[in-house]
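Everything below concerns the one structure shown next.
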Amino acid sequence: MAKKNSTQKTNLLAQTTLNKDDQIVIAGAGGFIAGALTRYFHDQGFTRIRAIDKKPLPEWYQRVPGVECLCMDLKEEDNCKRACEGAVEVYNLAADMGGMGFIERFRVECLRSILINTHMIESAWKAGAQRYFYASSACAYNTKLQEDPNCPALKESDAYPAMAERGYGWEKLMSEMFCQEYTAERGLKTAIARFHNVYGPWGTWDGGREKAPAAICRKVIEARGSGKHEITIWGDGKQTRSFMFIDDCIFGIDQIMHCDELIATPINLGSHEMVSINELVSLAEKIAGITLQRHYDHNAPKGVAGRNSDNTFIQKVLGWQPSTSLEKGLAATYKWIEQQYQQRKAGHRTVS
Ligand code: NAD
């Protein structure tokens with residue numbers, strides 16, 4: 001495969017042997033990332049896309065015209081069989097998840113997502129699917145390596161010895177292993193991407209499951225709207241993270257899914273632009289053109305002290321890595337959340 005630099009974009013989907021009328025199955029499509037992935041396939045000209053989510057249709061974040069939409073609970077095996085009928089490629093992005101506020105409080109729900117992957121991969125294999133994608137997470141990494149805000153970026157081998165995030169992270173690690181063993185024993189080509197904090201328009205921005213970039217944009221917008229120029233930050237604001245813009249995530253899913261060198265091989269899909277939460281707030285303030293008085297809630301969920309994506313492997317294999325700057329991506333996200341905020345104020349329906 002030809003190597004590309006990080007700014008060149010050649011999508012591998014266009015180069016596969018897939019036919020445009022092959023059945024593509026996308027689980028979790030009522031949510032943020034799988035909703036954007038559904039749109040991506042549609043825009044590439046695919047005509048048989050099956051999108052599945054347990055949420056009722058009116059609650060789906062995006063509805064893409066011409067796509068078969070099924071509302072089903074994929075924790076049930078029979079529903080997974082139905083979902084995977086005739087599938088050529090299956091993308092599993094369905095999970096009960098959210099930001100730290102959700103995954104620290106609802107570990108049982110997070111763990112129970114293992115049922116989704118367990119039944120989906122079996123059904124995909126039985127249906128004779130060619131490829132299966134699993135959305136893993138940086139939460140699969142050993143938490144002991146993330147106790148300092150300046151800890152080194154996480155490389156793929158840092159998941160073992162295992163000490164993943166309780167609940168959510170262990171489910172991801174175990175589901176990764178399902179993918180690897182389905183490849184080893186049964187020959188299903190699996191792809192496993194460890195996402196690092198994805199953000200962007202059409203994501204959850206309120207209600208308790210939102211992640212830091214959306215939560216901070218919303219808080220800044222609310223402060224601006226109310227004239228009360230204050231913000232509460234979870235933790236001491238010194239915890240560090242990297243944030244990947246949604247367009248990079250979708251393009252990365254395509255690259256990873258269609259790269260034979262990456263079969264059954266977990267790989268980071270994240271930005272390596274690390275910032276502290278305080279810096280993230282400063283960026284949102286800059287976009288809004290205001291400065292807020294900061295309060296710190298030391299009892300709020302804050303996750304690990306530091307986390308970043310080591311992109312050496314993805315750059316080596318794909319010759320590409322997520323490259324949208326946080327400044328650019330956050331500006332687009334802020335703008336979209338502000339529109340949502342205004343729509344909600346006007347009594348219209350919004351995402352989350
Ligand atoms: P999301 O919550 O917006 O989307 C997940 C969707 O899965 C939701 O719409 C939900 O209703 C659906 N779902 C949950 N349980 C289901 C079930 N039993 N049957 C059918 N549908 C079900 O989340 P997202 O941010 O789009 O995340 C997508 C995937 O990427 C998840 O697997 C998540 O763990 C993973 N991930 C996301 C991030 C991130 O920063 N957003 C980071 C790491 C990993």
Side-chain angles (χ1 to χ4, degrees), residues 25-39 50-63 69-80 82-83 91-100 102-103 106 109-120 123 133-141 154 164-165 167-173 175-176 179 192-215 241-246 248-250 252-253 256 266 268-271 303 307 309 322 329 333 351-352:
V25 171
I26 303 179
F32 172 39
I33 304 173
L37 186 66
T38 304
R39 186 168 292 284
R50 185 177 300 139
I52 306 125
D53 204 287
K54 72 173 176 183
K55 291 191 292 204
L57 268 182
E59 290 175 27
W60 289 32
Y61 291 179
Q62 297 201 57
R63 290 283 303 282
C69 296
L70 302 179
C71 299
M72 297 194 303
D73 185 345
L74 295 173
K75 288 195 179 99
E76 303 292 335
E77 187 172 11
D78 283 347
N79 291 341
C80 291
R82 165 69 187 99
Y91 293 79
N92 176 18
L93 291 96
D96 239 317
M97 64 89 61
M100 288 316 300
F102 183 84
I103 67 174
F106 300 104
E109 280 313 310
C110 291
L111 282 167
R112 282 178 53 78
S113 291
I114 197 144
L115 293 171
I116 303 174
N117 193 61
T118 306
H119 295 319
M120 278 300 281
S123 302
F133 178 89
Y134 178 63
S136 186
S137 164
C139 291
Y141 282 114
L154 294 159
E165 185 91 39
Y168 180 73
W170 279 100
E171 188 277 318
K172 292 294 182 193
L173 205 55
S175 290
E176 285 188 1
C179 294
I192 307 156
R194 290 185 183 143
F195 297 167
H196 290 245
N197 291 307
V198 190
Y199 73 99
W202 300 98
T204 309
W205 61 279
D206 202 0
R209 288 183 189 242
E210 64 280 15
K211 296 193 147 211
R241 295 288 186 279
S242 70
F243 299 99
M244 167 171 55
F245 192 57
I246 183 68
D248 285 336
C249 178
I250 298 304
I253 291 173
I256 291 166
N268 280 333
L269 184 55
S271 162
R307 177 180 289 161
S309 176
T333 309
V351 163
S352 72

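Remember, it's 1-based here, ligands and their atoms both numbered in the order they're listed.
- Across Leu93, Val198, Leu37, Val351, a single residue satisfies side chain to side chain contact (heavy atoms under 4.5 Å, CB included) together with Phe32, and that is Val198.
- Closest heavy-atom contact between Gly200 and Phe245: CA-CE1, 3.9 Å.
- Annotation for Leu111 and Gly167: closest pair CD2-O, 3.4 Å, computed over non-hydrogen atoms.
- The distance from ligand 1 to the heavy atoms of Lys75 drops below 4.0 Å at these ligand atoms: 18 (N).
- Within the structure, the closest approach of Glu76 to ligand 1 does not fall below 4.0 Å when heavy atoms are considered.
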Check against side chain to side chain contact (heavy atoms under 4.5 Å, CB included), His119 and Asn92 | CA-CA 11 Å; His119 295 319; Asn92 176 18; over 6 Å; no
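- Ring pair Tyr199/Phe243 is perpendicular by interplanar angle, where above 60° counts as perpendicular and below 30° as parallel.
- Taking a cut-off of under 4.0 Å to the non-hydrogen atoms of Gly28, the atoms of ligand 1 that pass are 6 (C), 7 (O).
- Heavy-atom separations between Met244 and ligand 1 are all 4.0 Å or longer.
- The protein heavy-atom contact nearest to atom 29 (C) of ligand 1 is Leu93 O, 3.4 Å.
- By the criterion of a heavy-atom distance under 4.0 Å, the side chain of Lys211, and not its backbone, is placed next to ligand 1.
- Checked by distance only, ligand 1 and Gly31 come closer than 3.5 Å through their nitrogen or oxygen atoms.
- Of all atoms in ligand 1, listed by their number and element, those nearer than 4.0 Å to a heavy atom of Met72 are 19 (N), 20 (C).
- The distance from the OG atom of Ser175 to the CD1 atom of Ile114 is 4.0 Å, given to the nearest 0.5 Å.
- The nearest heavy-atom contact from the protein to atom 18 (N) of ligand 1 is Asp73 OD1, 2.7 Å.
- Closest protein heavy atom to atom 11 (O) of ligand 1: Asp53 OD1, 2.7 Å.
- Taking 4.5 Å as the limit, every side-chain heavy atom of Thr38 sits out of range of all side-chain heavy atoms of Gln62.
- On a distance-only criterion, Ala34 and ligand 1 share no N/O pair closer than 3.5 Å.
- Among protein heavy atoms, the minimum distance from atom 26 (O) of ligand 1 is reached at Ile33 N, 2.8 Å.
- Contact detail for Ala83 and Arg50: the closest heavy-atom pair is O-NH1, 2.7 Å.
- Scanning the protein heavy atoms around atom 14 (C) of ligand 1, the nearest turns out to be Ala95 O, 3.3 Å.
- Contact check for Ser113 versus Lys172: no side-chain heavy atoms found under the 4.5 Å cut-off.
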What do the steps show when you test Met97 against Lys211 for side chain to side chain contact (heavy atoms under 4.5 Å, CB included), and what is the final call?
-> CA-CA 10 Å; Met97 64 89 61; Lys211 296 193 147 211; 3.8 Å; yes
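- Protein heavy atom closest to atom 34 (O) of ligand 1, with residue, atom name and distance, is Tyr168 OH, 2.5 Å.
- For atom 16 (C) of ligand 1, the closest heavy atom belonging to the protein is Lys54 CD, 3.6 Å.
- A donor-acceptor pair shorter than 3.5 Å cannot be found between the side chains of Asp53 and Tyr61.
- Close approach of ligand 1 to Ala94 is summarised as follows: ligand atoms under 4.0 Å from at least one heavy atom of the residue are 7 (O), 21 (N), 22 (C).
- Within the 4.0 Å heavy-atom criterion, the part of Lys172 lying near ligand 1 is the side chain and not the backbone.
- Of the candidates Ser136, Pro56, Ala140, Cys110, it is Ser136 that places a heavy atom closest to atom 44 (C) of ligand 1.
- Annotation for ligand 1: atoms under 4.0 Å from non-hydrogen atoms of Ile116 are 15 (N), 16 (C), 17 (C), 18 (N).
- Among all protein heavy atoms, the one lying closest to atom 19 (N) of ligand 1 is Leu74 N, 2.8 Å.
- Considering all non-hydrogen atoms of both residues, Arg63 and Arg39 come closest at O-NH2, 3.9 Å.
- The contact set between ligand 1 and Lys55, taken as ligand atoms under 4.0 Å from a residue heavy atom, comprises 9 (O), 11 (O).
- Close approach of ligand 1 to Gly30 (heavy-atom distance below 4.0 Å) involves ligand atoms 9 (O).
- Ion pair Glu176/Arg194 flagged as a salt bridge, since at least one NZ, NE, NH1 or NH2 atom sits closer than 4.0 Å to an Asp/Glu carboxylate oxygen.
- Ligand 1 has an N or O atom lying under 3.5 Å from an N or O atom of Val198, backbone or side chain.
- Taking 4.5 Å as the limit, some side-chain heavy atom of Asp96 sits within range of a side-chain heavy atom of Arg209.
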